[in-house]
Amino acid sequence: MSDDTTHFGFQKVKTSEKAGRVADVFHSVAAKYDLMNDLMSGGIHRIWKRYTIEMSAARPKQKILDIAGGTGDLSYQFSRIVGPDGLVVLADINDSMIKVGRDRLTDRGVAGNIEYCQADAQYLPFPDNTFDCITIAFGLRNVTDKDMALESMYRVLKPGGRLLVLEFSKPNNPVVEKIYDQYSFRLLPMMGKLVANDSESYKYLAESIRMHPDQETLKGMMENAGFKECEYHNMTSGIVALHKGLKI
Amino acid sequence: MFGPTVTTTALASVQLMINQALKFDPVSKLRLQSLEGRLVRLTINNPAFVCFITAIDGELRLQSHGEQPEAEIRGSLSDLIKVFIEGKTNLADSQVEIIGSAGLVQQWQEFSKDIEIDWEEIISQYAGDTIGHQVAEVIRSSHAWGKARRENIRNQLLEYAIEEKQLLPNQALFKDFCERNQQLRLDIDRLEARIERLTQLLIDDESTSKD
């Protein structure tokens, strides 16, 4: 990939255009994002997120940053764990997603220990060494410059803090991979058309998953950004992987 | 043994069921407050399985992963059921092992032992108040009848073994025997101490007469 172009699914686009095109996708799907997630994953995305919460080892009074927090699944759980003396910051580059997330969390009675921030993961608007834990769930693949984003996360993480990246990855079972390919490229856009009346956005989701670095590559990228003791846990035959790295 | 997806799904399902049931014991939410954020590792030896238990926001939470637990309790599934569900406190004859804060394990044990689910409320939600009350009454009376019968059978068997067959000693006689035994042990200890003292005196006398 040349310096001024990047991937947008299987297409090549100008680097400066990617954020806008990703934003269009999420503006389009925001209203039915939760419903589509449940339909697409058969509800398993809740289990993947639950495991991420467990691996965060979050404790009361901690400060947590939930990047690409979207509709607030992780932020809701973190807000319960850190309690009234802690803080959760739900950050997302897309204002439509933040609006949906804020409404949803407010309806669930989450207030007082949560803040919302429209921010680009590459340029996080927080002081150095601020957060005990940072999570980014199903968001990193949409970031234009992933290395820059990882460095930015490293900067705002406190020493001793941890980054958790939950993202689609490469299946480690060839049979599962074949079924998964058929599902992603045939069924997924069809479901997107039926439920959200938007097959193109879901086609992009499937393509962006394929273009995302595999488990080992992402682990290497985290190490390059400065994270130590990096490891990953495959879930559902590697369809999804949870990467963990510490700032020491 | 299983991947994170399977283990987390299984624990999430069990957690959901327990928390649904605990909604019908309003006091349990208050009692969980003292256990908030305090992590206990549960290691089951047979079958091999590890999980973590804690409380968050007045709800019980079961996790497949946890870090720096305050206590760990190890044992077979049947032994752990005896500790947490039947409220067994004497661990001497079991293979249960507690590492770390035994007080925290005891708090969890008291929590599980004192759970009182309002079954009538659960049944009423599905069958209505009138039927719910009738069904709950039947369950309650059957439970009370069963408990009384079990107690009665136990007493009759005990009486038969003690009085008729004389296989076991009478409880009062056994208690008296134990007290006498204890007294005898104390007397022997005192006598032993006296003999020791006299022996020492004799040795001292002999050494002074030699000098």
So with a 6.0 Å cut-off around [atom1] of [X], is the heavy-atom count from everything else above 12?
{"X": "Lys29(B)", "atom1": "NZ", "result": "no"}
{"X": "Arg186(A)", "atom1": "CZ", "result": "no"}
{"X": "Phe174(B)", "atom1": "CZ", "result": "no"}
{"X": "Lys170(A)", "atom1": "NZ", "result": "no"}
{"X": "Arg149(B)", "atom1": "CZ", "result": "yes"}
{"X": "Lys247(A)", "atom1": "NZ", "result": "yes"}
{"X": "Phe185(A)", "atom1": "CZ", "result": "yes"}

Point to revise | Per-residue contact mode, Gln68(B) against chain A (heavy atom under 4.5 angstrom) | key: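 Answer is both: backbone and side chain atoms of Gln68(B) are under 4.5 Å from chain A.
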
Check your understanding: For the atom pair CH2 (Trp48(A)) and OG1 (Thr9(B)), what is the distance rounded to the nearest 0.5 Å?
Key ->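 Atom-to-atom, Trp48(A):CH2 and Thr9(B):OG1 are 10.5 Å apart.
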
Point to revise | Spacing of Lys49(A) atom NZ and Thr8(B) atom OG1 [to the nearest 0.5 Å] | key: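 Nearest 0.5 Å value for the NZ-OG1 distance: 14.5 Å.
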
Exercise for review: Compare all side-chain heavy atoms of His65(B) with those of His233(A) and state whether any distance is below 4.5 angstrom.
Suggested key: no

Review point. Tell me, do Arg50(A) and Gln15(B) make a side-chain contact under 4.5 Å, heavy atoms counted?
Key: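 Yes; the side chains approach each other to less than 4.5 Å.
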
Review point. Pick from Ile47(A), Ile53(A), Asn234(A), Leu242(A): which one has the most heavy-atom pairs with chain B under 4.5 Å?
Key: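 Heavy-atom pairs under 4.5 Å are most numerous for Ile47(A).
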
Point to revise | From CA spacing to verdict: salt bridge (Lys or Arg N to Asp or Glu O under 4.0 Å), Glu67(B), Arg162(A) | key: CA-CA 13 Å; Glu67(B) 288 176 25; Arg162(A) 67 181 66 192; 2.7 Å; yes

Review point. Just by distance, do the side chain of Thr5(B) and the backbone of Thr236(A) share a donor-acceptor pair under 3.5 Å?
Key: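 Checked: pair present.
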
Review point. Arg80(A) versus chain B, heavy atoms under 4.5 Å apart: side chain, backbone, both or neither?
Key: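 Its backbone and side chain both get close to chain B.
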
Practice item. Identify which part of Ile44(A) has an atom lying under 4.5 Å from any heavy atom of chain B, answering side chain, backbone, both or neither. Key: side chain

Exercise for review: Determine, stepwise, if the pair Arg61(B) / Gln77(A) fulfils side chain to side chain contact (heavy atoms under 4.5 Å, CB included).
Suggested key: CA-CA 12 Å; Arg61(B) 195 168 177 95; Gln77(A) 293 298 336; 3.6 Å; yes

Point to revise | Ser64(B) side chain to Glu54(A) side chain, donor-acceptor N/O pair below 3.5 angstrom | key: yes

